[in-house]
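These numbers were taken from a predicted model, which means no experiment stands behind them.
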Amino acid sequence: MNKKGIPGAIKHTIANSQIWRSFFRHSLEDTPKTRMQTIIGNVFLHLHPAKVKRHAPLFKFTWCMGGITFFTFLVLAITGVFLMFYYHPNVRDAYWDMKGLENHVPFGLLLRNLHRWGAHLMVITVWFHMFRVFMTGSYKPPREFNWVIGVVLLVFTLLLSFTGYLLPWDQLGFWAVTVGTNMARSTPALGHEGPFGELLGMTAYNDIRFALLGGSMVGGNALLRAYIWHCIGLPLIVSIFLIVHFWRIRKDGGISGKL
């Protein structure tokens, strides 16, 4: 009989069974080796390095801007799902759905403000994150590829904010998207008023503005496309780039050292 008695024997039998070992590939003993195996063997944790430099978690070095940006993205994803339950992406219902959410749904105003102010916070923190990375030289080799990934994520963050502007279907969103998409007409090669646009056969009915709006003016098609891009397309793209971003941090040796 095991010196730990029947409980010890049961624990030993379970821990050495094929079913247990198919889930857990290492022992539960707390050692540096098992800690590393836990990180490497977990589908989520393996995106992070198994070892972290002593200075890396310090607030005075990182400002926690990357972590706060990711946290706000998660908050926006969760609150966005709840908002979808009370929203119809058409010009007749969109504005009144928003007003109904604010005035008739319990905690609806809080839910909308969490999403709205979280979006503003994400734009601010991603800029501060890029500023911190630049000022600490964290974009230098071998991290230049991840810097490019970060720039791409910055662009998609701004696109998420832009597409969300139209969804309340109020005057602010309507005219902001009108001005923004009118600027797209001058996009090089893709806009019919931009450089090389005419040479490539671009017109007001096949250029990037027409593709964004689903027509020649801001209307129902534009609202539907903004809704799909904001709720499905862009979040999926951002999630993929975030996974690559975290993975490259690990492959490049973790958060960069001090200058």
Side-chain angles (χ1 to χ4, degrees), residues 69 72-102 108 111-123 126 149 151-198 200-243:
T69 301
T72 54
F73 177 74
L74 295 179
V75 171
L76 290 171
I78 295 171
T79 55
V81 170
F82 283 109
L83 288 173
M84 292 171 69
F85 284 104
Y86 301 99
Y87 183 81
H88 297 83
N90 61 72
V91 296
R92 184 191 65 184
D93 300 320
Y95 180 78
W96 297 112
D97 285 345
M98 177 191 66
K99 286 302 180 183
L101 175 72
E102 292 181 348
L111 180 64
R112 181 171 183 251
N113 283 337
L114 278 173
H115 194 77
R116 179 184 179 184
W117 291 106
H120 295 332
L121 179 63
M122 183 175 176
V123 172
V126 76
I149 295 295
V151 173
V152 172
L153 284 169
L154 170 65
V155 173
F156 280 116
T157 299
L158 298 177
L159 287 175
L160 276 169
S161 180
F162 181 73
T163 52
Y165 242 86
L166 185 61
L167 301 187
W169 199 247
D170 54 6
Q171 288 293 309
L172 177 63
F174 180 89
W175 291 110
V177 172
T178 298
V179 172
T181 52
N182 282 341
M183 293 169 61
R185 295 184 300 187
S186 300
T187 304
L190 298 178
H192 72 279
E193 294 181 358
F196 311 111
E198 186 176 354
L200 297 175
M202 292 296 171
T203 68
Y205 301 100
N206 66 359
D207 66 350
I208 185 64
R209 179 179 182 272
F210 188 86
L212 290 172
L213 297 179
S216 57
M217 62 181 65
V218 179
N221 288 338
L223 178 61
L224 181 60
R225 294 194 178 198
Y227 176 77
I228 294 173
W229 276 113
H230 186 75
C231 298
I232 301 175
L234 291 174
L236 285 176
I237 295 173
V238 168
S239 297
I240 293 172
F241 276 98
L242 278 175
I243 291 173

Could you work out, with side chain to side chain contact (heavy atoms under 4.5 Å, CB included) as the rule, every residue matching I228, not counting sequence neighbours?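 In terms of side chain to side chain contact (heavy atoms under 4.5 Å, CB included), with neighbours along the sequence ignored, I228 is linked to L224.
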Checking M183 now: which residues fulfil side chain to side chain contact (heavy atoms under 4.5 Å, CB included) with it, not counting sequence neighbours? V179
Considering all heavy atoms of both residues, which atom of S186 and which atom of P195 are nearest to each other, and what is their separation?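 Answer, listing the atom of S186 first, then P195: O-CD, 3.9 Å.
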N206 side chain to G201 main-chain N or O, any donor-acceptor pair under 3.5 Å?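 Yes, because the side chain of N206 sits within donor-acceptor range (under 3.5 Å) of the backbone of G201.
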Return the set of residues passing side chain to side chain donor-acceptor pair (under 3.5 Å) with [X] (not counting sequence neighbours), or none when no residue passes.
X    : answer
T72  : none
N221 : none
T79  : H115

Would you mind writing out the side-chain donor-acceptor pairs for residues 165-177 within the sub-3.5 Å range, not counting sequence neighbours?
residue: D170; atom: OD1; partner: G173; partner atom: N; Å: 2.9
residue: Q171; atom: OE1; partner: W175; partner atom: NE1; Å: 2.8

If you round to the nearest 0.5 Å, how far is [atom2] of [Y] from [atom1] of [X]?
X    : Y    : atom1 : atom2 : answer
W229 : L236 : CH2   : CG    : 10.0 Å
H192 : I208 : NE2   : CD1   : 13.0 Å
N182 : L213 : CG    : CG    : 8.0 Å
L121 : L114 : CG    : CG    : 11.0 Å
R209 : M217 : CZ    : CE    : 8.5 Å

Set of salt bridge (charged side-chain N to carboxylate O under 4.0 Å, His left out) partners for E102, sequence neighbours left out: K99, R112
With sequence neighbours left out, what residues match R225 under salt bridge (charged side-chain N to carboxylate O under 4.0 Å, His left out)? none
For residues Y227 and L223, determine if any side-chain heavy atom of one lies less than 4.5 Å from a side-chain heavy atom of the other.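 A side-chain contact is absent here, since even the closest heavy-atom pair is not under 4.5 Å.
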Anything under 3.5 Å between a donor and an acceptor, one on a side chain of residues 152-162, the other on a protein residue two or more places apart or in another chain? List them.
residue: T157; atom: OG1; partner: L153; partner atom: O; Å: 2.7

Considering residues at least two apart in sequence or located in another chain, which fulfil the ring pair (Phe, Tyr, Trp, His ring centres under 6.0 Å) criterion with F73?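 Counting only residues at least two positions away or on another chain, F73 forms no ring pair (Phe, Tyr, Trp, His ring centres under 6.0 Å).
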Using the test ring pair (Phe, Tyr, Trp, His ring centres under 6.0 Å), find all partners of H120 that sit at least two apart in sequence or belong to another chain. W117
Surrounding OH of Y87 (heavy atoms of other residues, nucleotides or ligands, distance under 6.0 Å), is the total greater than 12? yes
D207 vs F210, side chain to side chain contact (heavy atoms under 4.5 Å, CB included): CA-CA, chis, key distance, verdict: CA-CA 5 Å; D207 66 350; F210 188 86; 3.6 Å; yes
Residues pairing under salt bridge (Lys or Arg N to Asp or Glu O under 4.0 Å) where one sits in residues 84-98, two or more places apart or in two chains, turn out to be none
